[in-house]
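Please read these numbers as outputs of a predicted model, since none were measured by experiment. All residue numbers in this chain count up from 1 along the given sequence. No hydrogens, no waters, no symmetry mates; every other heavy atom, side chains included, goes into these values.
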Amino acid sequence: MGKNETRRLNPSILAEDLEIFAALKTIEDYKPANPAYTVAAVAVIDTNRLAAHDTEMQTTAAANAARDNHVALQWDFHNGVLGSKNQVIAQFGLDSNEAQAMKLKKKSEYKNPPRKPGG
């Protein structure tokens with residue numbers, strides 16, 4: 001039995017286990033004392049493992065698709081807000097309270113550039 005059965009198996013170990021199980025199926029006189037280790041019992045475990053793997057892959061794909069949809073909608077929202085800011089500026093001007101409500105600095109709040117010394 002494994003040391004830490006909460007961690008995922010290394011793929012090379014799983015591949016070796018599958019090879020060993022394939023070899024075990026070919027042993028004709030195999031009759032273990034513990035019925036939990038019969039070929040049929042281990043085959044059921046393998047079938048359950050494959051079903052769990054399929055479920056994990058489908059769930060991961062669904063989660064990835066949901067994340068991609070969320071990201072796309074975040075960008076749609078962001079672009080909508082940016083477009084709205086531009087429309088407020090076009091309608092009310094850069095020096096308006098409405099532009100300030102859009103988290104923009106009023107044009108009149110900017111300092112005038114310092115005069116360059118004449119020469």
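To the nearest 0.5 Å, the span separating CG on Leu24 from CG on Asp17 amounts to 11.5 Å. Going from atom NZ of Lys107 over to atom CD1 of Ile89 covers 11.5 Å, rounded to the nearest 0.5 Å. Considering CG of Asp54 and CD of Glu56, their distance stands at 10.0 Å, rounded to 0.5 Å. To the nearest 0.5 Å, the span separating CG on Asp95 from CD on Gln100 amounts to 9.5 Å. Summarising the geometry, atom CD belonging to Glu109 is positioned 10.5 Å from atom CG belonging to Leu104; distances are rounded to the nearest 0.5 Å. Atom CG of Asn86 sits about 13.0 Å away from atom CD of Gln91, to the nearest 0.5 Å.
Looking at every heavy atom in both residues, Val42 comes nearest to Phe21 through CG1-CE1, 3.4 Å. Nearest heavy-atom pair, Pro35 versus Ala41, reported as atom, atom and distance to 0.1 Å: O-CB, 3.6 Å. Shortest non-hydrogen contact noted between Tyr37 and Tyr30 is O-OH, 2.8 Å. Scanning all heavy atoms of the two residues, the minimum distance from Ala99 to Gly93 falls at CB-O, 3.5 Å.
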Apply side-chain contact (heavy atoms from CB on, under 4.5 Å) to the pair Leu18 and Arg49, showing each step before the final yes or no.
CA-CA 12 Å; Leu18 291 170; Arg49 178 192 63 82; 3.6 Å; yes
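Other residues, nucleotides and ligands contribute over 12 non-hydrogen atoms within 6.0 Å of the CD atom of Glu98.
Val39 and Ile45 are assigned to two separate hydrophobic clusters, defined by single-linkage of ILVMFWY side chains at heavy-atom distances under 4.5 Å.
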